[in-house]
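Here is the structure we will look at.
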Amino acid sequence: MDDKSTLNQIHVLVEEEKELRRQLGRGEISSDEEHARLRALEEALDQCWDLLRRRRAARDQGQDPDAEQARSVGEVEGYLQ
């Protein structure tokens with residue numbers, strides 16, 4: 001996935017997050033449903049941001065950003081902050 005595709009995916013996920021919050025506010029979904037879906041969205045967003053950062057770092061170091069691939073959720077979520 002190139003930078004543009006990754007950024008587009010980030011925007012789609014953020015919009016979905018906003019829609020979940022609206023649905024919760026309108027009583028269309030339960031809090032449990034919102035939390036479960038938000039967790040999945042947050043993980044997908046973390047993967048996208050990680051990939052974008054690594055692509056940019058590769059480019060800055062003169063390496064091929066297309067060689068970077070998305071890491072697993074477990075790997076991305078396991079990073080120490």
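Below, each value reflects all heavy atoms present in this structure, side chains not excepted, and no hydrogens, waters or symmetry copies.
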Under 4.5 Å between side-chain heavy atoms, hopping through other hydrophobics if needed: is there a path connecting [X] to [Y]?
| X | Y | result |
| --- | --- | --- |
| L38 | V14 | yes |
| L45 | L52 | yes |
| L7 | L41 | yes |

| task | Please step through side chain to side chain contact (heavy atoms under 4.5 Å, CB included) for the pair E75 and D50, ending with a clear verdict. | result | CA-CA 10 Å; E75 189 173 0; D50 174 68; over 6 Å; no
Pairwise distance [atom1]([X]) to [atom2]([Y]) - rounded to 0.5 angstrom:
| X | Y | atom1 | atom2 | answer |
| --- | --- | --- | --- | --- |
| R56 | D3 | CZ | CG | 6.0 Å |
| R53 | T6 | CZ | OG1 | 12.0 Å |
| L51 | D46 | CG | CG | 12.5 Å |

Less than 4.5 Å apart, side chain to side chain, heavy atoms only: is that true for [X] and [Y]?
| X | Y | result |
| --- | --- | --- |
| R21 | E34 | yes |
| H35 | S31 | yes |
| E42 | L13 | no |

Between the side chains of [Y] and [X], is the shortest nitrogen-to-carboxylate-oxygen separation below 4.0 Å, so that they form an ion pair?
| X | Y | answer |
| --- | --- | --- |
| R39 | E43 | yes |
| E19 | R26 | yes |
| R37 | E17 | no |

So, for [X] and [Y], which heavy atoms are closest and what is the spacing to 0.1 Å?
| X | Y | result |
| --- | --- | --- |
| E68 | R55 | CB-CG, 4.0 Å |
| A58 | P65 | CB-CA, 4.0 Å |
| D66 | D64 | N-OD1, 2.9 Å |
| R22 | E15 | NH2-O, 4.3 Å |
| I29 | L24 | O-CD1, 3.5 Å |

| query | Taking Q47 for the side chain and R71 for the main chain, is one N or O donor matched with an acceptor at less than 3.5 Å? | reply |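 At least one qualifying donor-acceptor pair exists.
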| message | Using only atom types and a distance under 3.5 Å, with no angle test, would you say the side chain of R54 pairs donor to acceptor with the backbone of Q69? | response | yes
| message | We want to know whether S5 and N8 form a side-chain donor-acceptor pair, criterion being a heavy-atom distance below 3.5 angstrom. | response | no
